[in-house]
Amino acid sequence: MTSHKLSNVMLKVDDHMSAYPQAYYRAEGSATFDAGALAFSGTVDFLTYFNACSVKKWRTYAEIESVRLRLVLSGDRCMLRFRGIASGDDEPTSLGEDLILKEDEACCVCAEGDRFIFDVSLPESDKDIVAFELESSGATKLHEAYYHADVDDADNNPVRLALATTTFKKEQYIVPNIGLVKREVLGSDDPIAEAFHMFVVDNGRTLDAEELSDDGVTVLPNPNVGGAGGFARGMMEALASEEGFTHVLLMDDDVIVSPESLKRTFNLLVLAKGRYRSAFINGAMLAVEEPNLQFEDVSFVRDTGAYARIKEDLHIDRAQDIADNEAISVEVPKAYGAWWYSCIPLSVVREKGLPLPLFVRCDDVEYGMRAEPVYMTMNGICVWHEGFEGRFRPSVDCYQYVRNFLIMIAMDDCASEKLFVTRLGRNIRLHLRTMSYDTVELFLDGFEDYLKGPDYLAHVSGEKLMKTNGAKNEKLVPVGELDQDTIASLKIVPGNLDGGVRKDSLLKLWRTLPYDRHYLPDAFLRDRPEAVFYSGLSTLGAYTMGAKTLVALDLGGKNGCVRHMDKDRWRGLKRRWSDLKKDYRARGDKVRASYKAAKPYLVSWEFWNEYLGTDLNPRG
């Protein structure tokens, strides 16, 4: 039996989390990180998102029953107590007896100069998470702390981890992340340092590959084939490497990542047992704008073709939320993990193939539907990413979503095609009634291109298509650049779109009915403009009925565009939708079968080598 580290205790609060130290520790007294140590007096509680031990998950994933805590301390003696919390508990509870840490205690392993090393077993409990609290009446320094367990090396999994990140002209994110990996992962004393490599797939071909690459990092200039193509290249490089990688970790370029997340991922891969040996690990997405908010870790697909999160918003600086985060199971049917941080066994890639050439949207969802993996998640394995609220690009969120989701349904039978097309029709109707003609056109383009079949998908230039579709997006400009007479006449001012909403039942009914202002005679239409949200939900603002001019404003009310009623365009879009539905009814079954037949080729090395202009072959 040898000791194996589970997770390090993070003593330094990351700069972007400076307003939320409770995600790392809670101090009653003074606590300051300096010169590699946490100097404190009073009480410091580590029952937090990053520093509690997920004992229940370690028991489930790795069959670890006994966990130990190692502490390196100097200065005045302090008291150690253990605390735990389970989902549903109102507050954490103390576990076991308090222990005064002093050099002559049995738990003192050794002394190194003025530092004393203590090793203590965590009390047995049924809590989801367990952590420790230190209390000192004087000046004490905590130099290092980590959770570890005694394991039989013969049961450990041989792991070599490849990180694959795809970037497109986002040097402000990817260059610092490369430096972080070199310094804190490859340059660390943790086991991951000897079994890790970072592949940076540069779709923009703007990075200095020679300058940034070294023994631990490889920058790969790549054609702009979107996220799907970039991640496919990363998978291929990992499988073609002579280093014998066992897993590939797919990660977005525009994220903030903690090196400890990478280390915990590696440790979990090494120790996983049973069916979890072949599981995926998905990191949670925390919001850059609200960095104590966990937006999502694993989601699933509904029969209607809608996405749904397994967990609601959770705040990582609340003990009850982090206990819930560990207790809620992510092992549900039709689950998928987004590729902002998703670790995949390369044995699965060998068996199930490479991603579909979807460019962006649904590539990660489809892979989850195809592979049907077991997912593992854990507190502290995460990235920070810009939130999605208020971000709406019809060229991506309408065209790519409709085309790619229909392809996924055809290939993986993951949802009801009939219900999805019904939802599409509803979305078209809702956007037509808010005069969002450009958005409707992109919905229809996506549906039409799906009906062109897999040969179109295999040969279309995703880069050129994105540019063409991007030109069709409504152009939002600062409100100050819009016609100011129009803005001044709005009843609801920008930034307060919910203001002035009447609550009477008649208005609620009128806003809910599937009406369309285009059917109204001109005599019933008014010139005074009204405001609506610019979003994928086509949310109606108050008093918009009968207005033939709408001002669509973003979530903050800072940018917008003006829409004018165009009954000719409205009629043309409705005719096009009717014609497409007729074509779909006539050929839908044949188109669906053609995608299913083409799937093995579209996820093959043969296809991707030709698509990328590479000549790679898998080893082993």
Side-chain angles (χ1 to χ4, degrees), residues 1-11 36 58 61-62 64 68 70 72 117 143-165 174 176-201 209 212-220 234-251 257-273 276-281 283 341-350 376 378 380-381 383 618-620:
M1 303 290 284
T2 57
S3 174
H4 199 288
K5 189 180 289 186
L6 305 182
S7 60
N8 294 295
V9 173
M10 299 175 65
L11 303 179
W58 281 112
Y61 296 155
I64 290 175
R68 300 180 66 81
R70 178 154 293 206
V72 181
I117 302 174
H143 299 271
E144 183 183 9
Y146 59 85
Y147 300 99
H148 66 110
D150 292 332
V151 298
D152 186 346
D153 285 343
D155 291 336
N156 290 349
N157 307 308
V159 174
R160 294 194 67 82
L161 177 59
L163 170 62
T165 184
I174 193 62
N177 281 345
I178 292 172
L180 188 72
V181 165
K182 289 182 178 181
R183 184 176 62 254
E184 303 292 340
V185 178
L186 294 166
S188 73
D189 294 328
D190 289 273
I192 189 176
E194 301 299 321
F196 182 86
H197 194 93
M198 182 179 191
F199 293 101
V200 179
V201 182
L212 293 170
S213 299
D214 60 18
D215 291 342
V217 175
T218 302
V219 176
L220 300 162
M235 290 177 174
M236 294 170 75
E237 292 286 346
L239 282 166
S241 172
E242 295 181 353
E243 293 192 36
F245 292 111
T246 60
H247 295 77
V248 61
L249 172 56
L250 308 181
M251 188 176 79
V257 62
S258 167
E260 179 62 19
S261 292
L262 300 173
K263 295 174 184 179
R264 293 182 188 184
T265 297
F266 182 84
N267 296 340
L268 183 52
L269 293 174
V270 170
L271 297 173
K273 299 289 187 294
Y276 296 103
R277 292 180 191 268
S278 59
F280 290 20
I281 299 176
Y341 190 107
S342 188
C343 186
I344 301 172
L346 284 169
S347 59
V348 174
V349 181
R350 289 189 182 94
M376 296 189 288
M378 188 174 286
I381 299 179
V383 293
R619 295 181 180 272

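In what follows, residues are counted from 1 in the order of the sequence shown.
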Using a 6.0 Å cut-off, check whether atom CG of Asp215 has over 12 heavy atoms from anything other than its own residue.
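Atom CG in Asp215 is not packed in, count stays at 12 or less.
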Between [X] and [Y], what is the shortest heavy-atom contact and its length?
{"X": "Ile192", "Y": "Leu262", "result": "CD1-O, 3.5 Å"}
{"X": "Asp214", "Y": "Gly216", "result": "OD1-N, 2.8 Å"}
{"X": "Pro345", "Y": "Ser278", "result": "CG-O, 3.5 Å"}
{"X": "Asn157", "Y": "Leu269", "result": "ND2-O, 2.8 Å"}

Is the shortest heavy-atom distance from the side chain of [X] to the side chain of [Y] under 4.5 Å?
{"X": "Phe245", "Y": "Leu239", "result": "no"}
{"X": "Val200", "Y": "Ile174", "result": "yes"}
{"X": "Asp190", "Y": "Phe266", "result": "no"}
{"X": "Val248", "Y": "Phe199", "result": "no"}
{"X": "Met378", "Y": "Arg264", "result": "no"}
{"X": "His247", "Y": "Thr265", "result": "no"}
{"X": "Lys263", "Y": "Ser188", "result": "yes"}
{"X": "Pro618", "Y": "Leu346", "result": "no"}

Quick check for you: to the nearest 0.5 Å, what is the distance between [X] atom [atom1] and [Y] atom [atom2]?
{"X": "Ile281", "Y": "Ile344", "atom1": "CD1", "atom2": "CD1", "answer": "11.5 Å"}
{"X": "Leu186", "Y": "His197", "atom1": "CG", "atom2": "NE2", "answer": "8.5 Å"}
{"X": "Met198", "Y": "Thr218", "atom1": "CE", "atom2": "OG1", "answer": "10.5 Å"}

Under the rule for side-chain hydrogen bond (donor to acceptor under 3.5 Å, both in side chains), what residues qualify as partners of [X], not counting sequence neighbours?
{"X": "Ser342", "value": "Asn282"}
{"X": "Ser7", "value": "none"}
{"X": "Tyr147", "value": "none"}

For [X], which residues count as a ring pair (Phe, Tyr, Trp, His ring centres under 6.0 Å) partner, sequence neighbours excluded?
{"X": "His4", "answer": "none"}
{"X": "Phe196", "answer": "none"}
{"X": "His148", "answer": "Tyr146"}
{"X": "Tyr61", "answer": "Tyr276"}

Test of understanding: with salt bridge (Lys or Arg N to Asp or Glu O under 4.0 Å), list the residues that count as partners of [X], not counting sequence neighbours.
{"X": "Arg350", "answer": "none"}
{"X": "Lys273", "answer": "none"}
{"X": "Glu237", "answer": "Arg233"}
{"X": "Glu194", "answer": "none"}

Backbone of Ala240 reached by a side-chain donor or acceptor of Arg619 within 3.5 Å:
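Present.
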Leu6 vs Asn267, test: side chain to side chain contact (heavy atoms under 4.5 Å, CB included). Steps then yes/no.
CA-CA 6 Å; Leu6 305 182; Asn267 296 340; 5.7 Å; no
Run the side chain to side chain contact (heavy atoms under 4.5 Å, CB included) test against Pro176 and tell me which residues pass, sequence neighbours left out.
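In terms of side chain to side chain contact (heavy atoms under 4.5 Å, CB included), with neighbours along the sequence ignored, Pro176 is linked to no residue.
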